[in-house]
Amino acid sequence: MSGNTVTAMHPHNSAARTLGRAARELGLKRGELELAVQLGIIRTVPDEGGGGRHVPRSEIDRVSSGEGFPDSLLDRVKVVGTTEGADVMDVSAGRFTRLARLGLVVPVKFYLNRYRAVVWLYLAEELKRFAADEKNTSLLNDRRMPEGLRGMLDAGVDLRPRNWRGRHRGVLLRQADDPWGSAGALAAFLDPVQIAEIVPDPYERSHVNRFRPGPPASGPPGSPSSLIAERIMTADDPDEISLLRADLTEVLAHARALRPAPRPGRPPAPTYPEHIGSQRRPEEPEPSRGLLSWLRRRTPRTTTP
């Protein structure tokens, strides 16, 4: 993912637009605007009244004055499925699917079609870069995949769900405003049993769950579509689970030291300005082992996508 979504906790901007209105003013569909926010192309700020995130008027002016607008913006948020993605890379649909299963191209979104089949979507811009890289020529043009990759495919490897989770985890961590929010973002990819083992205290677990988002695509709770989305969202690889558990344990230790979870009869701990708001976010979709070090760096920065 390119860029960072840099926010301030309490901006006063009476000209801020709702996401829907910002999308109309920028000539985007609502889903395209949300993807642009996730990718760090468009910055948002929280609404002081608790009404969700908004786009400042100054940000709309900045984006709309960019070179090649609106086509350049539309190109950056264009997503394609397998058939169109194969056309973009000038390979067969079968070859494209094999590359995706091997994790060589990473989905940015998914949805369930009317048959409840998972449809993966990819950034067209990333696929063009992959195809233009000379190092990938043999992967695109050779009649047969290298032996090691063929063995992975024969073994049934499919890294699309895990790679999407890694990417989405980066999005959620960048949107987190404090360590408890980061804990919720990490917990979103673990099943309740895993969370209960890591967070045995029921009050802490309830606090973490306040910040634990659900899958981005789902139907009513308990519906077949919802269950499929939850399965995709939940880590199932032992290495992935181990990494998540370790990162969540580290982040929780920092969160507890910074501000204990609320309990009955205990007044809420004070929230200090240096602990919230604009902060450095990890730039990679996969959280690194140095996540705790990032959380300790509180120096704000502003970037231009």
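Nothing fancy with the numbering, it's 1 onward along the sequence.
Pairs passing the salt bridge (Lys or Arg N to Asp or Glu O under 4.0 Å) check and including a residue from residues 146-161, sequence neighbours excluded, read Asp158-Arg160. Screening residues 194-204 for side chain to side chain donor-acceptor pair (under 3.5 Å) gives Gln194-Arg245, Glu197-Arg245, Asp201-Arg263, Glu204-Arg256 as the qualifying pairs, with residues at least two apart or on separate chains. Counting only residues at least two apart or in different chains, ring-ring contact (aromatic ring centres under 6.0 Å, His included) contacts with residues 211-245 comprise His207-Phe211. The salt bridge (Lys or Arg N to Asp or Glu O under 4.0 Å) contacts involving residues 222-239 comprise Arg162-Asp237, Arg165-Asp236, where partners must be two or more places apart or lie in separate chains. Applying the salt bridge (Lys or Arg N to Asp or Glu O under 4.0 Å) rule to pairs touching residues 19-36 yields Arg17-Glu25, Arg21-Glu25, Glu25-Arg57, Arg30-Glu34, sequence neighbours excluded. Residues in residues 81-108 take part in these side chain to side chain donor-acceptor pair (under 3.5 Å) pairs, two or more places apart or across chains: Lys78-Glu84.
In this structure Arg205 satisfies the side-chain contact (heavy atoms from CB on, under 4.5 Å) test together with Ile195, Ala196, Val199, Pro202, Asn209, sequence neighbours excluded. Every residue two or more places apart in sequence or in another chain that forms a side-chain contact (heavy atoms from CB on, under 4.5 Å) with Leu159 is listed here: Val157, Asn163. For Asp133, there are no salt bridge (charged side-chain N to carboxylate O under 4.0 Å, His left out) partners at least two apart in sequence or on another chain. Phe96 meets the ring-ring contact (aromatic ring centres under 6.0 Å, His included) test with Tyr122; sequence neighbours excluded. Pro70 pairs by the side-chain contact (heavy atoms from CB on, under 4.5 Å) definition with nothing, not counting sequence neighbours. With sequence neighbours excluded, the residues forming a side-chain contact (heavy atoms from CB on, under 4.5 Å) with Ala255 are Pro179, Trp180, listed by chain and number.
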